[in-house]
Amino acid sequence: MQEEIIDFFRNPALFFYMTLMMTVCVVSGSQQVGDVVETEFHAYRLHQYEISGNMYGSRNHRVSYEAVSLGARALRRTMVTSWREVLTHDVDDMWALSTGAVLIFIPDNLDELNDIDRKAFLDLETKLLNVRTDLAVYVAPYNDDAASILNDVNSRAEKAPSALQHLIQSLSGNTISITSSDQIPELTDSYKPVNVVGRLSSGDRASLTIAFVAHYDTSSAVPGVSPGADSNGSGVVALLELLAVLSKFYDSPSTRPPYNLLFIWTAGGKLNYQGTRHWIDEFQKGIEGSEFLDSGVNRKDDRIDLAICIESIGRKTGGLYMHAGKTPSENSAAAQLLRRLNNIAPNKKIELVTKKISLTTASVWEHEKFNIKRMPAVTLSTLPSPTDPARNSILDLPSTLDEEELIDNIRLIAEAVLGYILGLPETGPSSDSRIKSEVSMLSKDAVDKQRVHHFIRQFASRPRPVGDQKATESVTSNLASAAAGYGQVFKSGVTITDAKAFGVTQNRLVAERVKPAVFELVIAAGVFGYLTVFYYVSLQNRQLIVNNFLFQLTTHSQNTIEGTVSAIRKSIF
């Protein structure tokens with residue numbers, strides 16, 4: 001019986017099974033050592049896009065690494081840090097120190113940043129906008145869980161007093177493992193963002209056309225958290241309100257101006273104005289028999305007299321800038337619009353800013369896409385320069401909008417355009433000097449404050465990156481629905497040619513407290529050693545039992561033989 005038991009434990013299959021199971025149990029059990037086992041939170045990925053073959057931002061979105069502090073020289077780890085720490089380090093060096101991922105915690109309430117912190121945060125964004133890396137880079141709001149993660153990571157990074165204590169700490173101390181969800185799909189090849197086009201028709205096929213243009217998507221270093229309230233939420237709201245205000249003049253043939261008006265909300269504005277380029281290409285094809293003709297929104301006999309692109313007109317700066325490729329000629333529509341803007345609002349600074357258009361680099365203003373195709377266009381904005389950091393900032397929040405300023409600018413544009421298409425004197429509704437400039441074509445409440453406020457909440461308060469298919473489809477559906485109440489509306493899919501958008505703007509990350517991998521290897525080695533010793537002890541015990549059995553068998557046999565021989569001798573003699 002004893003021998004059978006020993007043979008059972010000596011079986012190699014049992015030895016392998018026990019080694020495997022004990023190792024798994026110890027490794028799994030090591031993950032439960034410590035305080036809170038798991039923390040789940042949403043994080044937002046650094047932008048990723050491609051223009052003319054050049055890749056920008058972060059090229060990866062998967063995370064499955066151990067967390068380390070900023071500056072730790074470790075391979076295949078996730079660097080976890082706060083946004084203030086990043087400002088004190090060389091960003092390029094930070095990407096070179098790790099081949100895994102980077103997680104940056106930012107303030108959970110950006111509205112509470114003071115002026116100094118806002119400037120520092122803009123500096124961080126400038127650094128992140130220029131990043132090109134293969135790492136998965138995420139930002140997440142700072143909260144109690146984030147504080148706990150940072151505290152654990154920084155505590156582990158502190159040097160132990162002695163080499164022995166450091167070794168013990170590295171073997172027994174807890175570490176943080178950060179992993180991402182792999183359930184978020186990339187953008188499909190069939191995905192196409194859409195342009196939304198509204199139209200007010202004069203009824204005369206010979207009429208010229210004024211086009212109002214605004215891109216609706218948002219962008220920043222981290223597009224998943226950028227509502228783009230001013231750039232270009234204010235432009236989206238302005239076009240909707242202009243459509244609502246001017247549509248009243250097109251309700252009756254007797255009041256209908258001799259101009260067609262187009263309102264174009266374009267896709268991919270932050271992606272080198274892909275929607276604008278697509279619309280212009282379709283417009284210039286003549287598009288006979290196409291969906292544009294069938295919809296009645298655009299016709300091959302339309303002639304663009306001026307395209308007025310609107311971006312970032314919701315901040316209080318004391319005036320507007322008209323951006324153009326060159327100084328417009330005196331009798332051009334752009335020059336007349338500029339003079340009317342100045343005459344209607346003499347207390348506002350309306351300034352012309354010209355910038356030569358580059359054909360080899362990405363366009364910086366939307367009107368440049370029209371100018372490249374030799375179509376007259378300008379951009380109206382409160383920003384004096386296309387490099388203003390406010391255009392691509394996470395800090396472009398609804399709280400930064402001045403609704404009164406936005407309403408004043410919408411009214412100013414509506415007045416100037418109405419005066420132009422109705423052929424009124426440039427000095428105002430009347431050339432009589434006794435009539436003050438405040439007298440206008442529009443009633444006092446023509447620009448509806450409640451309607452503007454509703455449009456801001458609906459279209460300027462949520463992120464709308466072109467890489468987020470769900471958000472893009474939602475905003476275009478809502479835009480088409482809102483615009484349909486005032487004019488003809490049509491949606492057209494945009495074919496992106498010289499650029500590419502990437503998905504996964506946000507992800508679900510899980511931070512889990514575990515024992516380090518070295519600890520698990522040590523435990524596994526201990527289990528293996530223990531079972532090895534057990535095996536050889538069992539083998540040795542078996543040998544002793546066998547030897548004892550053979551000795552007893554030999555002794556018993558010898559005694560039997562001797563007894564038999566003795567009996568034979570007695571019987572013979």
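Just so it is clear, the model here is predicted, and its values are computed rather than measured. Starting from 1, each residue takes its place in the sequence as its number.
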Can you measure from OH (Y273) to CZ (F370) and round to the nearest 0.5 angstrom?
11.5 Å
4.5 Å side-chain heavy-atom contact, D117 and F121:
no
Would you mind reporting whether L320 and K348 have side-chain heavy atoms less than 4.5 Å apart?
no
Mind checking whether F105 and F41 have parallel, tilted or perpendicular rings, split at 30° and 60°?
tilted
Supply the atom-to-atom distance L239 CG to L479 CG, rounded to the nearest 0.5 angstrom.
9.5 Å
Between R464 and D217 (salt bridge meaning N to carboxylate O under 4.0 Å), is one present in this structure?
no
Quick one: CZ on F502 to OG on S58, what's the gap to the nearest 0.5 Å?
11.0 Å
Is the shortest heavy-atom distance from the side chain of R62 to the side chain of V504 under 4.5 Å?
no
Can you see whether E366 engages T266 through a side-chain donor-acceptor pair at a distance of less than 3.5 angstrom?
yes
Should the heavy atoms of other residues, nucleotides or ligands under 6.0 Å from CG of D144 be counted, would the total exceed 12?
no
Side-chain ion pair, R451 and E241, N-O less than 4.0 Å
yes
Interatomic spacing from CG in D230 to CD in E311 - rounded to 0.5 Å:
8.5 Å
So, S226 side chain and V222 main chain: donor-acceptor pair closer than 3.5 Å or not?
yes
Consider only side-chain N and O atoms of Q458 and H454, and report whether a donor and an acceptor are under 3.5 Å apart.
yes
Do D396 and S231 have side-chain atoms, one donor and one acceptor, less than 3.5 Å apart?
no
So that I can tick it off, tell me whether E404 and K316 are bridged by a salt bridge, with the cut-off set at under 4.0 angstrom between side-chain N and carboxylate O.
no
Side-chain ion pair, D115 and K119, N-O less than 4.0 Å:
no
Is atom NZ of K373 surrounded by more than 12 heavy atoms (other residues, nucleotides or ligands) closer than 6.0 Å?
no
For the pair H47 and Y49, name the ring-plane relationship: parallel under 30°, tilted 30 to 60°, perpendicular over 60°.
perpendicular
In terms of side-chain heavy atoms, does S148 have a donor or acceptor partner in R513 at a distance below 3.5 Å?
yes
